[in-house]
Amino acid sequence: MEYQIRLSQERRKNEVLPFGGKNPVTGETLGVTTRCFLKNGKPWFPVMGEFQFSRYSHRLWEEELLKIKACGVEIVATYIFWNHHEEEKGVFDWTGNKNLRKFAELCQKHCLRLFLRIGPWCHGECRNGGFPDWLCNMGISLRTNSPAYLLHVERLFEQIAMQVSENLYRNGGCIIGIQIENEYHGGPSGLEQGREHMRTLKKIALEKGLTVPYYTATGWGGAVVAEGETLPVLGAYADAPWEPTTKELPANEAFLFSPIFDDEKIGSDMKKNGMSFGEYTYNTEKYPYATAELGGGVQVTRHRRPRITARDTQALAYARVASGAKLIGYYVFHGGTNPVGKYSTLEESIASGGLSDLPILSYDFQAPLTEYGERRSSYAYLKILHMLLQDFGEQLADAVCTVPPENSADPQDSDGLRISVLKSESMGLLCLGNHQRHCPMSSKEDLRITVGDIESPPLSLPEGEMILFPFSWCVDGEWIEYATAQPMCRVTSAQKTTLFFWNYETCMELKVNGKVIHAVQDTPYMLPGGKTRVILLGRRQAERAWKVKCGGERLLLTDAGVLERNGTIEFYGFSNTTELSIYSADADESDFERRILCANGSEEVWEENIFFEELLQPPCNGTGRLYRFALPQNIRRKQDAFLCIEFVGDIANLYHNGKRVADWFYTGEMWRVGLKNFEEKWAGEWLLQIKPLQEDADVYLEERPSYTEGKACKLEKILLEYQCQSCI
């Protein structure tokens, strides 16, 4: 099939917006225009990921931040839940897992930028949206300019400023942004009252010393954005577990390449001002398209338990890039665990006035990094995209997005092509997509696409794939007219540069400086200019790829996770041994250097079955089943360990020495509990309670279990899986 794409000649005025700042220590400057974000006056394409510090053990923050950074995320966003810090009126707690200052210092130590979402109301599936119970019980008007309410907001913002003052960008720190409120749809009198409230909240933040380059506000679902005061940020999710229905949702428009930035379903439980899909409370032409809540997954609820695939998560991110986004921000990138309060649990629940029931503890969110820091497949899929944005984002950030008439605008159209073009002065990307959640797409073959005056060779697009083909690309002194593979990263040394591409096919065609090159997988090719080599990787290789800078730029291929810390490259999350391939720019024309990584320590057992026994006196009024087990005495000598629990039922609760330490809503996915997250010693009694899932339960599940006498309630097995670490 042939397509002729005419590039859009429309271009926004490149007006500098009244946001930005200078770091007095590094001299770096940040800014933003109507087209894109700026760093040191040049276009910047940042990637942001949410990691909520108060939902994770402070002992492990540093390692988890390094995992986030290793995936190509350079900005960490985090909610500051008011009720996590002032559960008792007038008594603030910033210690332990609530130590915001320590979290900011760790971000700064590892050159991660920090974006604070200070509320006062946050949502985040937290009790009262983060408001303390005492505030909700005062009988005052919340989320308005009520003096009684603002008095308490001032105390909160003052406390936050005291914790982070030294880490603000203007003081040489890492904190570059603040989000004001969340999903705010106006006061009792409507939008204008809402805008005035948003302006007031920002004014209070400034008065308390919270001065940063960027201030944002969520703009989806008709939420209030105070023009000139806050930058609007948007989002999209693969599913909507907050929706009241227990049926499968219609095909989601968020997977389309579309100039409509809103997601019809996001925030649908909060929208109150009656605005229609695609309507905004601000002029979209005045701001770059930025996201803060691309679903890294979704959090399941009692009544809706969708399972998000790595392809779903990948497709959301690619679709937003292909639709012209200039900031990719994920919610959440790293899962967590709710703390338990002094007076109540702190999860969202119908009983506490919320719209859904959520697990008391688990906030896993099906995120790229799980509740216990494990990598899901989506982590590897996103890393491929982030590597491109890290190395070539400066060329892309100012690109114009063209969504041609040939682009499919129907999420249920399995045969239509999803296509767009991003074009800046020095780089173009032909964006193709072929994934739709719960809607199998047909394979696209023999695509012949002409962009402007550049004609590509025949292209194919398998079902489920998303890919970005470069054209008109000036890189390292070479002019790449087109390439039939996606750029991944650049590895450089003083003498040489190597460009890595990836594709789902074993070969690619490049036209460089007028010369056509046919490259096959794993074989280096020197470009005509004689300074740059190219290497094509397959999809599986790309998923295993890590770019590191320790000891000089290198590309590593391994199934293990990779961290750079204190001048050392660390490997984690594998058992016993794993393969490692290393490529450096100074390598000769031979293959990657290959090694075998061996685990630290001498343990030979890497997984074992755990014996369990069923008890006859289960709790909870005799419903469900209760199992008891113990862990091996030598478990403390292992690097890391996961309880892999396979069960059927409704809800599972895990107790250690009488204390509930973990819970899980059944989805059909194996429940994996990371033991190093628990500060308590692992010896003693472990109990697992499983509550039954009734066959007629009004619950959305993508895969129903087998039922016995109308219910499912059984522990199948518990496997203890050890994971280890190594380094080079």
Side-chain angles (χ1 to χ4, degrees), residues 12-13 15-21 30-35 37 48 77 79-80 82 115-123 129-130 141-147 149-154 156-157 160-161 175-235 261-262 266-267 270-276 278-293 326-327 329:
R12 292 184 182 185
K13 293 181 180 179
E15 298 178 355
V16 176
L17 298 178
F19 301 89
L30 296 178
V32 63
T33 74
T34 49
R35 295 183 193 170
F37 290 83
M48 179 168 69
Y79 272 136
I80 301 174
W82 193 345
F115 221 105
L116 302 179
R117 306 176 83 184
I118 65 173
W121 191 88
C122 295
H123 198 194
S141 179
L142 305 178
R143 304 180 78 184
T144 69
N145 278 354
S146 161
Y149 171 63
L150 294 180
L151 179 66
H152 297 293
V153 171
E154 289 176 4
L156 172 66
F157 285 7
I160 294 172
I175 299 173
I176 66 168
I178 285 176
Q179 179 181 302
I180 302 293
E181 254 286 342
N182 187 55
E183 297 178 325
Y184 182 66
H185 294 85
S189 299
L191 287 176
E192 190 49 49
Q193 187 183 59
R195 291 189 181 97
E196 183 58 33
H197 180 55
M198 293 293 284
R199 287 190 285 265
T200 299
L201 291 177
K202 181 181 175 183
K203 180 181 177 182
I204 294 173
L206 289 169
E207 289 173 347
K208 300 304 178 183
L210 291 171
T211 305
V212 292
Y214 303 123
Y215 295 88
T216 64
T218 53
W220 55 75
V224 173
V225 173
E227 297 230 38
E229 298 285 343
T230 54
L231 296 167
V233 289
L234 297 158
F261 306 146
D262 206 0
I266 182 173
M270 302 303 302
K271 185 163 56 176
K272 298 175 182 177
N273 60 18
M275 297 191 73
S276 301
E279 287 189 272
Y280 309 90
T281 62
Y282 59 94
N283 184 349
T284 60
E285 294 297 313
K286 290 184 177 181
Y287 306 95
Y289 174 23
T291 65
E293 289 202 19
K326 302 303 176 68
L327 163 65

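The residues of the chain are indexed from 1 along the displayed sequence.
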Using the six-membered ring wherever Trp is involved, compare the ring planes of Tyr149 and Trp82 and label them parallel, tilted or perpendicular (cut-offs 30° and 60°). tilted
Ignoring hydrogens and angles, tell me if any N or O in the side chain of Thr291 forms a donor-acceptor pair with the backbone of Leu327 under 3.5 Å. yes
Decide side chain to side chain contact (heavy atoms under 4.5 Å, CB included) for Thr34 and Tyr287; before the verdict, give the C-alpha distance in whole Å, the side-chain angles of both, and the deciding distance to 0.1 Å. CA-CA 5 Å; Thr34 49; Tyr287 306 95; over 6 Å; no
In chain order, what residues pass the salt bridge (charged side-chain N to carboxylate O under 4.0 Å, His left out) check against Glu192, with sequence neighbours excluded? Arg195, Arg199
Got a donor-acceptor contact below 3.5 angstrom from the Thr216 side chain to the Pro232 backbone? no
Where the side chain of Ser141 meets the backbone of Ser146, is there a donor-acceptor pair that is under 3.5 Å apart? no
Taking 4.0 angstrom as the limit, do Arg117 and Glu293 come out as a salt bridge? yes
Using the rule given for side chain to side chain contact (heavy atoms under 4.5 Å, CB included), can you reason through Tyr214 versus Phe115, listing the C-alpha separation, both sets of side-chain angles and the distance that settles it, and then say yes or no? CA-CA 9 Å; Tyr214 303 123; Phe115 221 105; 4.1 Å; yes
Using a strict threshold of under 4.0 Å (side-chain N to carboxylate O), is an ion pair present between Lys13 and Glu285? no
Between Glu227 (side chain) and Asn283 (backbone), is there a donor-acceptor pair under 3.5 Å? yes
Ignoring hydrogens and angles, tell me if any N or O in the side chain of Thr200 forms a donor-acceptor pair with the backbone of Asn145 under 3.5 Å. no
Decide yes or no for Tyr289 and Thr284: does some side-chain heavy atom of the first lie under 4.5 Å from some side-chain heavy atom of the second? no
Which atoms form the tightest heavy-atom contact between Pro18 and Gly228, and what is the distance? CG-O, 4.0 Å
Do Tyr215 and Gln179 have side-chain N/O donor and acceptor atoms under 3.5 Å apart? no
Nearest-0.5 Å distance that lies between atom CG in Leu201 and atom NZ in Lys203: 12.0 Å
For Trp121, does its backbone N or O pair with a side-chain atom of His123 as donor and acceptor, under 3.5 Å? no
Minimum heavy-atom separation for Pro213 and Ile175, please, with both atom names. CD-O, 4.2 Å
First locate atom CD1 of Ile176, then atom CZ of Phe37, and finally report the distance between them rounded to the nearest 0.5 Å. 8.5 Å
Trp220 CH2 to Thr218 OG1 distance, which is reported to the nearest 0.5 Å: 4.5 Å
Apply side chain to side chain contact (heavy atoms under 4.5 Å, CB included) to residues Glu15 and Arg35 and explain how you reach the verdict. CA-CA 8 Å; Glu15 298 178 355; Arg35 295 183 193 170; over 6 Å; no
Apply the test side chain to side chain contact (heavy atoms under 4.5 Å, CB included) to residues Ile80 and Ile160: give CA-CA distance (whole Å), side-chain angles for both, the deciding distance (0.1 Å), then the verdict. CA-CA 9 Å; Ile80 301 174; Ile160 294 172; 3.9 Å; yes
Using 30° and 60° as the class boundaries, would you call the ring planes of His197 and Tyr184 parallel, tilted or perpendicular? tilted
Nearest heavy-atom pair of Thr281 and Val225: which atoms, and what distance? OG1-N, 3.2 Å
I want to check something: taking the side chain as every heavy atom from C-beta on, are Pro120 and Leu142 in contact at a cut-off of under 4.5 Å? no
Nearest 0.5 Å, what's the CG-NZ distance between Leu156 and Lys208? 11.0 Å
Which of Leu206, Ile204, Ile178 passes side-chain contact (heavy atoms from CB on, under 4.5 Å) with Phe157? It is Ile204
Verify, without hydrogens or angle tests, whether His185 (side chain) and Leu191 (backbone) share a donor-acceptor contact under 3.5 angstrom. no
Between CG of Leu116 and CG of Leu210, what distance do you get to the nearest 0.5 Å? 8.0 Å
